[in-house]
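Quick note on labels: first sequence line is chain A, next is B, and so on, each numbered from 1. Note that the structure is a prediction, hence the values are computed from the model and not measured. Only this structure's heavy atoms are used, side chains among them; waters, hydrogens and symmetry mates stay out.
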There are 2 protein chains.
Amino acid sequence: MKMEDHSFLKSETIENVSQIFKVLSDPTRIKILYLLSQEECNVNHIAEVLEMSQSAVSHQLSMLRNLRLVKYRREGKTLFYSCDDEHVISLLKQAIDHSEHH
Amino acid sequence: MKMEDHSFLKSETIENVSQIFKVLSDPTRIKILYLLSQEECNVNHIAEVLEMSQSAVSHQLSMLRNLRLVKYRREGKTLFYSCDDEHVISLLKQAIDHSEHH
DNA sequence: CATACATATGAACATATGCTCATATATAGT
DNA sequence: ACTATATATGAGCATATGTTCATATGTATG
């Protein structure tokens, strides 16, 4: 195929796509997102269920928040996190399905 | 939600899924896979089109080969690479579509 | 078999990543 | 205001990752 016949991706697209997949490439974040896809959770609950430190969970939530993959609401001292990007959850679930059926 | 009511992922599933996404999280590999999804390419062609060194391309192809995301056939001195995992290409294209339409 | 060409591979290096530890901030109750 | 609880954040550290450079391997041809 000749150079000019290629369909090239815009560098902005490539950056966006790699960022989406980078988020999903870490086991910890997969567990957090999968958990949040099932129920709204506060931070300590996530830490307990996933057997992680509060700090580690909070750092990851900070990242997920910045990328707008999760949102939260406050109730007193407690923050309840939930998923905020259905498309990313869809990619995750597809990969899970594919992995489980092969 | 109580602990016993959660649907947990098997650690094997988590590892598989994170590995799929890890492959797709690097801009270079995205470009290579997207290129190979359009046409079968030899190594030097990939290097030229993507403006990368032959060595860098070869290292990445080695990884993609080990994960069985690409395959190749030999023709003389030349190796022609192509995609060998439609599901991964599907995930990639979905993420591209999503990125381009937002 | 010597040479040229295509590709692969190992070592080294710089950067990125995810965790822990310590501490800061925010909110509620006394 | 003091204390307890929930969460966030910064620094430091160990490991992982992607590239380059040099060199090796494999294949065709004179």
Side-chain angles (χ1 to χ4, degrees), chain A residues 11 14-36 39-84, chain B residues 11 14-36 39-84:
Chain A
S11 60
I14 294 171
E15 285 308 313
N16 287 344
V17 169
S18 82
Q19 192 172 54
I20 292 172
F21 288 131
K22 191 158 292 178
V23 177
L24 294 170
S25 72
D26 177 66
T28 292
R29 285 189 295 270
I30 291 174
K31 291 184 214 168
I32 292 176
L33 286 172
Y34 187 70
L35 179 58
L36 292 181
E39 59 167 341
E40 197 186 34
C41 291
N42 64 55
V43 180
N44 279 327
H45 182 71
I46 299 172
E48 282 162 26
V49 169
L50 302 185
E51 296 177 358
M52 298 176 54
S53 74
Q54 176 269 321
S55 180
V57 170
S58 190
H59 275 295
Q60 295 294 3
L61 287 173
S62 160
M63 176 184 181
L64 296 172
R65 238 166 36 220
N66 291 335
L67 297 171
R68 305 189 189 283
L69 301 192
V70 301
K71 62 189 174 195
Y72 66 91
R73 68 181 174 83
R74 177 179 285 280
E75 202 169 285
K77 284 173 294 196
T78 306
L79 300 185
F80 288 94
Y81 279 84
S82 56
C83 288
D84 198 28
Chain B
S11 59
I14 293 172
E15 286 308 312
N16 287 343
V17 168
S18 83
Q19 192 173 53
I20 292 173
F21 288 131
K22 192 157 291 177
V23 177
L24 293 170
S25 73
D26 177 66
T28 292
R29 285 189 295 269
I30 290 174
K31 290 183 214 168
I32 292 176
L33 287 172
Y34 186 70
L35 179 58
L36 293 181
E39 59 167 342
E40 196 186 35
C41 290
N42 64 54
V43 180
N44 279 328
H45 183 71
I46 299 172
E48 281 161 26
V49 170
L50 302 185
E51 297 178 0
M52 296 176 56
S53 75
Q54 176 268 320
S55 179
V57 171
S58 190
H59 276 295
Q60 295 293 2
L61 287 173
S62 160
M63 175 183 181
L64 296 173
R65 237 167 35 220
N66 291 336
L67 297 171
R68 304 189 191 283
L69 301 192
V70 301
K71 63 189 174 198
Y72 65 91
R73 69 182 174 83
R74 177 179 287 279
E75 202 168 285
K77 285 174 292 197
T78 306
L79 301 185
F80 288 94
Y81 279 84
S82 56
C83 288
D84 198 28

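- Rounded to a whole Å, the CZ atom of B/R73 is 16 Å from the P atom of C/dA6.
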Give the C-alpha distance, both sets of side-chain angles, the deciding distance and a yes or no for side chain to side chain contact (heavy atoms under 4.5 Å, CB included) between A/L36 and A/I46.
CA-CA 9 Å; A/L36 292 181; A/I46 299 172; 4.1 Å; yes

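- Regarding B/Y72, its OH atom lies at a distance of 16 Å from the P atom of D/dT25, rounded to whole Å.
- By the side-chain hydrogen bond (donor to acceptor under 3.5 Å, both in side chains) test, A/R73 is found to be paired with A/E40, A/E75, residues two or more places apart in sequence or in another chain being considered.
- The side chain of A/N42 places no N or O atom within less than 4.0 Å of a non-bridging phosphate oxygen (OP1 or OP2) of D/dA6.
- At a threshold of 4.0 angstrom between heavy atoms, the contacts of B/Y81 are confined to the sugar-phosphate backbone, with no base atom among them.
- Across all non-hydrogen atoms, the minimal contact from B/P27 to A/E15 is CG-OE2, 4.0 Å.
- Rounded to an integer number of Å, the gap from A/Q19 CD to C/dA16 C1' is 14 Å.
- The environment of A/Y72 atom OH is sparse: at most 12 non-hydrogen atoms of other residues, nucleotides or ligands sit within 6.0 angstrom.
- Residues B/D84 and B/L69 fail the side-chain proximity criterion, which asks for heavy atoms closer than 4.5 Å.
- One can place CE of A/M63 at 19 Å from C1' of D/dT7, the figure rounded to the nearest angstrom.
- Distance CD (B/E75) to C1' (C/dT7): 15 Å, rounded to an integer number of Å.
- Heavy-atom minimum distance, B/N42 versus B/N44: OD1-N, 3.2 Å.
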Give the table of side-chain donor-acceptor pairs shorter than 3.5 Å for residues 56-66 of chain B, with sequence neighbours excluded, one pair per line with atom names and distance.
from	atom 1	to	atom 2	distance (Å)
B/Q60	OE1	B/R29	NH1	3.0
B/R65	NH1	B/Y81	OH	2.9
B/N66	ND2	B/S62	O	3.2

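- Pairing each heavy atom of B/I30 with each of A/I14, the nearest pair is CD1-O, 4.1 Å.
- Proximity of A/R65 to the phosphate of D/dT9: a side-chain N or O atom is located under 4.0 Å from OP1 or OP2.
- Residues of residues 52-60 of chain A that place a heavy atom closer than 4.0 Å to DNA chain C, in numerical order, are A/S53, A/S55, A/A56, A/H59, A/Q60.
- Contact annotation: B/R74 side-chain N/O to D/dT27 OP1/OP2 distance is under 4.0 Å.
- Look at CD1 on A/I14: it is 15 Å from P on D/dG18, rounded to the nearest Å.
- Annotation for A/C83 and A/L33: closest pair SG-O, 3.8 Å, computed over non-hydrogen atoms.
- Taken from CE in B/M52 to NZ in B/K31, the straight-line distance is 7.5 Å, to the nearest 0.5 Å.
- Atom CG in A/L61 sits roughly 13 Å away from atom C1' in D/dT9 (whole-Å rounding).
- Residues passing the ring-ring contact (aromatic ring centres under 6.0 Å, His included) test with A/Y34: none are found, sequence neighbours excluded.
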Quick one, give me the B/S/- string for nucleotides 12-17 of chain D, reading 5' to 3', where B means a protein heavy atom under 4.0 Å from the base and S means that only happens at the primed atoms, P, OP1 or OP2.
-----S

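- Rounded to an integer number of Å, the gap from B/I32 CD1 to D/dG18 P is 11 Å.
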Show your reasoning for whether side chain to side chain contact (heavy atoms under 4.5 Å, CB included) applies to A/L35 and A/C41.
CA-CA 8 Å; A/L35 179 58; A/C41 291; 3.9 Å; yes

For nucleotides 1-5 of chain D, tabulate all protein N/O to nucleotide N/O atom pairs closer than 3.5 Å, reporting atom names and distance.
none

